[in-house]
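Below is one structure, written out as structure tokens; comments come after it.
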Amino acid sequence: MELAKAYDPKSAEESHYKRWEESGFFAPEINEDPDAKPYSIVIPPPNVTGSLHMGHALQHTIMDVLTRWKRMQGYRTLWLPGTDHAGISVQRKVVEQLRKDENKSPLDIGREEFLRRCWVWKEQYGNTITEQMRREGASVDWSRHRFTMDESLSLAVRNVFCTLYEEGWIYRGLRIVNWCPKDKTVLSDLEVKEETRKDGKLTYLRYPIVGTDRTLTVATTRPETMLGDTAVAVNPSDERYKDLVGKMVALPLTGREILIVADEYVEAEFGTGAVKVTPAHDPNDYQIGERHGLEQLLIMNDDGTMNAAAGVEFDGLDRFAAREKVVAMFDELGLLEKVEDYEITLPICERCKTIVEPILSEQWFVKMDEMRDLALGLMESEGAPHFSPQVPHEKVYTSWLENLKDWTISRQLWWGHQIPAWYDTDGNVYVARTADEAREKAGGSELRQDSDVLDTWFSSGLWAFSTFGWNGAVTETNDLDTYLPTDVLVTGRDIIFLWVSRMMMLTKKFADKTAFRDCVITGTVLGKDGKPMSKSRNNGVDPIEMFDKFGVDATRIYLASIATGADIKWNDNGVETYRNFANKIWNATRFSLLNSEGAKIDHSSLMADALPLADRWIISRLNQTALDLNKALGKYEFHSAVSMLYHFFWDDFCDWYIELKKDEINAGDVEATTRILTILEIALRMLHPFMPYLTEELWLKLPGTSSELNNPAYSKADASIMLTKFPPGDALALNGSAESEMNAVIEVIKKVRNIRSEMNISPSIKFTVHIAAERDLQDVMEANKAQILKLARAENLVISDSLDVPKASAKAVVAGNASLAVPLEGLIDFDKERTRLNNQINKLAEEKSRLDAQLSNQNFVERAPAEKVDALRERQSELAHQMNTLNNNLEALN
RNA sequence: GCCGUCUUAGCUCAGUGGUAGAGCACUCGCUUCACACGCGAUAGGUCACAAGUUCAAAUCUUGUAGACGGCACCA
């Protein structure tokens, strides 16, 4: 069978995924071993509004590498996929669609119809990302695909909510919350980001003091909130204002009189030392208000416009217009002291970037005291989750938990899990699992359900166990029993608090298990400009484009080559490197197949006695690589795994082993070809988790592959590399003497090549190589004569105890007190050879002087480990010997 | 304000107290019958800076500078 000259990823990508999926290879049920240990991962469910970005591609690659690796090891492996309903995102898309297509608002069509449209939207667009995951080669069990608003998962949400309410962990209360006037919903602290603006203003307003002609100046960044002031506060020990405490100020523009109170919160040194107090629009003012029994005057509507309480002149005015108007009116009244430039940090809505308004509102909250203790307890007792990399994430995670505030879980949206709480006409609340249950509790009064839905992260927080069938009504399933705790969670830093922590808490609370033992935190893939990829920066790189340009496998293994947790600037170059690597693998296979008549995969062929050096060497290297590879993967060190695969395959297997075996292969040596094919087959297995398409494509072409090579756990399944046994590596197959002998051969070849290149001798000119060495090494050289001749492009090899060559020779030293020479009568340039020898001598001299200094240091000799000292001494004497030889060579030229 | 990360070759990045590494780019040579997405040979580093610990520091400690992240505050 002849392969094309270059690897074309497209055809491989198109043919294998469907077969794998349809054959049930991704489902854990493919494993027939009743004693197989489980291995499970749940995917961080991407938003149904999302499409694949590089962060997904990175995380999915890591999850798939782990899944394929464990599956090949014979674990009952499950990678569970799914999607998140993404409350605000979907709602916004549907609202926008409605406005554009029909010029209607959600209120025009009503809740029921709006929700129907959301479902239609989800059905239509919600599987973009799942289709893209198929292209990625993600070996997820599609039969277990979950959506956060599936019936069972929704039931789980209602049951969890009710239980937490009954136990007092969920409450409804009036608090200052983060309000997004554009989305018209409350947001949790984590959904609010900060933006520093240099063009902020600090406005100083004068409030006249009643019964005097004095004024009191307050400073504010939000002048419009003065319309809701119900007090002015000063520090109790502030001498300037001591006599004013208890007096009233006449609040301009409102006709109201408000009290001057003393409160420790106020810092005398900051600003004017007097603070306007707006309890309904500021969290600190709210606290002051509580302490002093102040009125909470709400002056804004949910869209950020002022309401009637702000006064007729302001009613309906946008908050920023109101701000200007307040300042202008103070100015007119002569009460505007000054306006200063002020750098200000504003809270903004993470999604729509609108400035968030702190506002007093009645919402649902989860009390975090016990939740926090659950998560901290798991960290303390089990060290769970164990973060990779551990620094800095473990500390950030625990210190965040230690300072946790209550979680606002209600959202003023329609798309999501509607809060299972009902109100009677008197405003009494009945939390119940169903409307019937609520009616029963209410004793027949007329009820209406809370119109809010729950924070999307509330349902995601249940993901680790709700996806395995837990819904509160059903609390025991095979999957829960088998796959929980999951083994590892792979995600980004940005959702450690939003999701990771909550999943740990809620899984412990309701399934009484650890959600996952390990947590791999990936870094951020940055744009070429070094900044996070974003639409506004237009620096995004589309994974699909990379797949098209370089292939899925090249993109995957490049992503895996990034150090775990490290951020990386995207560069196409990196992917190109692995595109080339894929082509190298393709061509190595192509070569192996060219002369493969009569040969086939045969693992026993590697066990045969008296194999040639190159074979003993590559088998040792192969096993070392397999051992190191498994170790690296076990520690989530994907980058070092990739690096060792790359160098084993390219350097050891292609550059040396194949080149050394070429003559045998071309001569039709069936045994040699069998070994090459067998080693290649094992190498492909090791590469499979990273490069599933290429390896499957090639593996199926190898002679002798069949389901008999499958891991016994999959013996009844069709043949596929993804079901073979992952090479564990065998420490007994390591062969130190073969490695050192091979290294000697390699060194000889490299030295001769160096002579040819430095002396500008054309590759077409064949010459004789003389080697002088001790007896053992002579035998090695003799046994590998043909290989040395071929790779050094020489026609003759003379091996002896000492060099006997004409003056016109180029010489070099090799390890083991050996030396070599190439007679170059008529070709040698003596000046060049002198320079070449001098360069070598200088290099050795540099190393030797460092060693001499170190070894003459009495402290080092006495205190460093003896074997270290011995090794350096040995190297020192070798260097001396080599320098001596080279100096003699140099003299001989004169 | 508190906590933390990063700074290594021209570029992008590995590096685990013991002789500084890779890929790409650069230079030189090669239509060697798997691969020019290739092969061979070079060159390229004050490991940000300073001090300390140590026989020995890119690696541990402290400080400085620059880049960045998280949290808190923000009248």
Side-chain angles (χ1 to χ4, degrees), chain A residues 3 5-7 189 194 196 200 202-204 218-222 225 232-233 265-267 270-278 282 284-285 342-347 389 391-393 395-396 399-400 403 493-494 496-497 524 528 530 550 554 558 561-563 565-574 576-595 639-640 643 646-647 654-655 658-659 662 665-666 749-750 753-758 760-764 790-791 793 839 846-847 850-851 854 857-865 868-869 871-872 875:
Chain A
L3 269 57
K5 203 169 170 183
Y7 173 50
D189 293 350
E194 288 173 353
T196 303
L202 190 60
T203 306
Y204 290 75
V218 296
T220 179
T221 54
R222 293 188 290 155
T225 61
V232 174
Y265 166 77
V266 182
E267 285 175 46
F270 194 95
T272 62
V275 179
K276 59 188 278 308
V277 182
T278 324
D282 183 280
N284 293 306
D285 292 8
Y342 188 73
E343 183 176 309
I344 188 170
T345 312
L346 294 168
V391 178
H393 299 115
K395 197 173 164 190
V396 170
S399 57
W400 179 77
N403 301 298
R493 298 188 262 278
D494 51 335
I496 292 177
F497 304 149
T524 309
K528 287 168 188 162
F550 298 112
Y558 168 64
S561 78
I562 300 167
D567 291 351
I568 187 148
K569 267 186 243 186
W570 183 264
N571 58 332
D572 284 10
N573 236 328
E576 198 179 344
T577 296
Y578 290 100
R579 188 274 312 260
N580 296 350
F581 183 46
N583 192 55
K584 190 73 180 175
I585 296 166
W586 175 268
N587 271 290
T589 308
R590 177 167 180 255
F591 171 78
S592 304
L593 290 173
L594 277 177
N595 298 289
H639 60 294
S640 58
S643 166
Y646 184 91
H647 292 291
C654 291
D655 284 353
I658 286 185
E659 294 301 331
K662 265 189 177 166
I665 304 296
N666 288 335
I749 294 167
K750 280 179 161 283
R753 283 172 172 173
N754 174 267
I755 288 170
R756 181 187 293 280
S757 180
E758 298 275 304
N760 288 334
I761 295 165
S762 155
S764 58
K790 181 168 176 67
L791 298 194
R793 306 186 67 79
N839 285 345
E846 202 179 309
E847 188 186 344
R850 200 170 43 227
L851 279 188
Q854 203 171 352
N857 179 343
Q858 210 53 37
N859 276 325
F860 171 73
V861 177
E862 279 167 20
R863 308 180 73 153
K868 189 85 216 162
V869 177
L872 291 191
R875 179 67 182 150

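In what follows, chains are A, B, ... by sequence order, proteins preceding strands, each numbered from 1.
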request  = Report the secondary structure of RNA chain B in dot-bracket form, marking unpaired bases with a dot and bases paired to a different strand with |, and treating Watson-Crick or G-U pairs with both distances under 3.5 Å as paired.
outcome  = (((((((..((((....[..))))..((((.......))))......(((((..]....))))))))))))....
ask   = Is any side-chain nitrogen or oxygen of Arg590(A) closer than 4.0 Å to OP1 or OP2 of rA34(B)?
value = no
key: Sidechain N-carboxylate O distance under 4.0 Å for Glu847(A), Arg850(A)   = no
key: Side-chain N or O of Lys868(A) closer than 4.0 Å to phosphate OP1/OP2 of rG17(B)   = no
remark   = Shortest non-hydrogen pair, His393(A) vs Pro389(A), comes out as ND1-O, 3.1 Å
Close N or O pairs between protein and nucleotides 20-24 of chain B (under 3.5 Å):
residue : atom : partner   : partner atom : Å
rG23(B) : O2'  : Thr577(A) : OG1          : 2.3
rC24(B) : O2'  : Asn573(A) : OD1          : 3.1
rC24(B) : O2'  : Asn573(A) : ND2          : 2.8

task = Under 4.0 Å between any heavy atoms, over every strand shown, what does Gln854(A) touch: base, sugar-phosphate, or nothing? Just pick one.
result = base
key: Cationic N near anionic O, under 4.0 Å, Asp567(A) to Arg493(A)   = yes
message = Can you measure Ile568(A) atom CD1 to rA14(B) atom P for me and round it to whole angstrom units?
response = 6 Å
inquiry  = Is there a side-chain contact between Asn754(A) and the phosphate of rG40(B), meaning an N or O under 4.0 Å from OP1 or OP2?
reply    = no
Give each protein N/O atom lying under 3.5 Å from an N/O atom of nucleotides 2-5 of chain B, with the pair distance.
residue : atom : partner   : partner atom : Å
rC3(B)  : O3'  : Lys395(A) : NZ           : 3.2
rG4(B)  : OP1  : Lys395(A) : NZ           : 3.0

key: Donor-acceptor side-chain pairing of Asn571(A) and Tyr558(A) below 3.5 angstrom   = yes
request  = Tell me, with the steps shown, if Phe581(A) and Tyr646(A) meet ring-ring contact (aromatic ring centres under 6.0 Å, His included).
outcome  = CA-CA 8 Å; Phe581(A) 183 46; Tyr646(A) 184 91; 4.8 Å; yes
ask   = Reckon Tyr578(A) has a side-chain N or O less than 4.0 Å from the OP1 or OP2 of rU12(B)?
value = no
task = Consider the side chain of Ala864(A), meaning its heavy atoms from C-beta on, and name the nucleotide among rC74(B), rC35(B), rC55(B) that approaches it most closely.
result = rC55(B)
Residue Glu194(A), side-chain atoms from C-beta onward, closest of rG15(B), rC73(B), rU42(B) = rC73(B)
